[in-house]
Chemist: 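The structure follows.
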Amino acid sequence: MPSNFVAKGAQAYEASMGRWSQRLAAPFLSFSGVPPRGRVLDAGCGTGSLTLALAAHPQLEAIEALDFEQSFVEALRSRTTDARIRVRQGDVCALPYEDRMFDGAYSLLVLHFVSDADRAVREMRRVLRPGAIGAAAVWSHDGMPSWRLFWKTVLALEPEAAGNGVPSGRRPLTAAGELREVFERVGFTGVTETMLTITMDYANFDDFWRPKVYGQGTFAAFFDALPQARRDRLCGGLRAAYLSGSQDDGPRGFASLAWAVRGTNDA
Ligand SMILES: C[S@@+](CC[C@H](N)C(=O)[O-])C[C@H]1O[C@@H](n2cnc3c(N)ncnc32)[C@H](O)[C@@H]1O
């Protein structure tokens, strides 16, 4: 299995993550750089946050987007009429492209889900022309305060949720230097790492908690199967955590961090 990502459908993805990857896409591209012309790759495009940010660069002639999840491929196709964009289903560990055909290759919030990230980054480098940039970003494990607040509260009230959709432990590559080491190991040169910051803004408590229990994911199934009294208790605990001592339900913003790396293919 080349992926540890559990897809819950395109709509659920947009509510729980796509809205944040849209925010991350522009600073990620500012850091990575976009070539002055040519063809670029979005490896692990999901529902297209980065693909559409790339499409905002009129100098690009072709944008290839690839994802393992067919429902995301279809969702992205339905979101754009840009003739430069081509979306296909595939595996980032076995890219269906010829050597040296891209002027830039990007991967946003994907590599911490890929079973063999070295292989995926080696594939990104293989398809790049000499001198072209490859870049990737993943969330920082310690840099997701709203998610940590949510999962810690769930585990405190429902310990059985461990292994039922609540992430256990730290995902690979989510600590300082880990993504950079992969890029260096597979032969990228001039590898640079930075930390990107976005704010995850929630309109109110509902906006904070509903996306996590929406859809067909493992945690949603766990939550749905709880007796009503335990669901109410969990909801009450999460509300208290979100309000954090205030009586006012309303907007909250959580600064959230991602590690980003870029390197050049000098081969
Ligand atoms: C958190 S999402 C990020 C999607 C998109 N890049 C974004 O920023 O919104 C992770 C994506 O990686 C894709 N993915 C995971 N492993 C993959 C693999 N081996 N090949 C292709 N796509 C993969 C998943 O299907 C999912 O769409």
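Both ligands and their constituent atoms are indexed starting at 1 by order of listing. Values reported hereafter were calculated over all heavy atoms of this structure, with side chains retained and with hydrogens, waters and symmetry mates removed.
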Chemist: On a heavy-atom basis, I'd like to know which of W20, F68, Y106, F28 is closest to atom 22 (N) of ligand 1.
Modeler: F68
Chemist: Should the heavy atoms of other residues, nucleotides or ligands under 6.0 Å from CD of Q59 be counted, would the total exceed 12?
Modeler: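 More than 12 heavy atoms, drawn from other residues, nucleotides or ligands, come within 6.0 Å of this atom.
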Chemist: Mark up the atoms of ligand 1 that fall under 4.0 Å of a heavy atom belonging to G90, in ascending order.
Modeler: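 Every atom of ligand 1 under 4.0 Å from some heavy atom of G90: 20 (N), 21 (C).
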Chemist: For ligand 1, which atoms sit closer than 4.0 Å to a heavy atom of S21?
Modeler: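 Those qualifying, in numeric order: 7 (C), 8 (O), 9 (O).
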Chemist: So is G18 touching ligand 1 or not, going by heavy atoms under 4.0 Å?
Modeler: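 Under 4.0 Å: no for G18.
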Chemist: Minimum distance, heavy atoms only, to atom 19 (N) of ligand 1: which one of L24, D116, D91, L95 is it?
Modeler: D91
Chemist: Can you tell me which portion of V114 lies within the under-4.0 Å heavy-atom range of ligand 1? Options are side chain, backbone, both, or neither.
Modeler: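 The side chain, only.
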Chemist: Would you say L50 touches ligand 1, if touching means a heavy atom closer than 4.0 Å?
Modeler: no
Chemist: Indicate yes or no: does an N/O atom of F113 lie under 3.5 Å from an N/O atom of ligand 1?
Modeler: no
Chemist: Closest by any non-hydrogen atom to atom 27 (O) of ligand 1: pick that one out of D67, V138, D42.
Modeler: D67
Chemist: Taking the six-membered ring for Trp, are the ring centroids of F219 and W151 within less than 6.0 Å of each other?
Modeler: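 Close enough - the centres of the two rings lie under 6.0 Å apart.
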Chemist: Using 4.0 Å as the upper bound for N to carboxylate O, is an ion pair formed by D142 and R148?
Modeler: yes
Chemist: Side chain to side chain contact (heavy atoms under 4.5 Å, CB included) with R39: which of E61, M101, R84?
Modeler: M101
Chemist: Quick one: closest heavy-atom pair of L95 and M124, and the distance?
Modeler: CD1-N, 3.9 Å
Chemist: Under 4.0 Å from ligand 1, counting heavy atoms only, is it the side chain of F72, its backbone, both or neither?
Modeler: side chain
Chemist: Is it true that E123 and R126 have a side-chain N and a carboxylate O under 4.0 angstrom from each other?
Modeler: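 Judged by the 4.0 Å cut-off on N to carboxylate O distance, E123 and R126 do form a salt bridge.
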Chemist: For ligand 1, is any non-hydrogen atom under 4.0 Å from S115's backbone (N, CA, C, O), its side chain (CB onward), both, or neither?
Modeler: neither
Chemist: With respect to V92, determine whether any N or O atom, backbone or side chain, lies less than 3.5 Å from an N or O atom of ligand 1.
Modeler: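 Yes - when backbone and side-chain N and O of V92 are compared with those of ligand 1, one distance drops under 3.5 Å.
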Chemist: Do the two ring centres, one from F28 and one from W139, sit under 6.0 Å apart?
Modeler: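 No, ring centres 6.0 Å or more apart.
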Chemist: Looking just at side-chain N and O atoms, do Y106 and S32 make a donor-acceptor pair shorter than 3.5 Å?
Modeler: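 Looking only at side-chain atoms, S32 and Y106 do not form any donor-acceptor pair under 3.5 Å.
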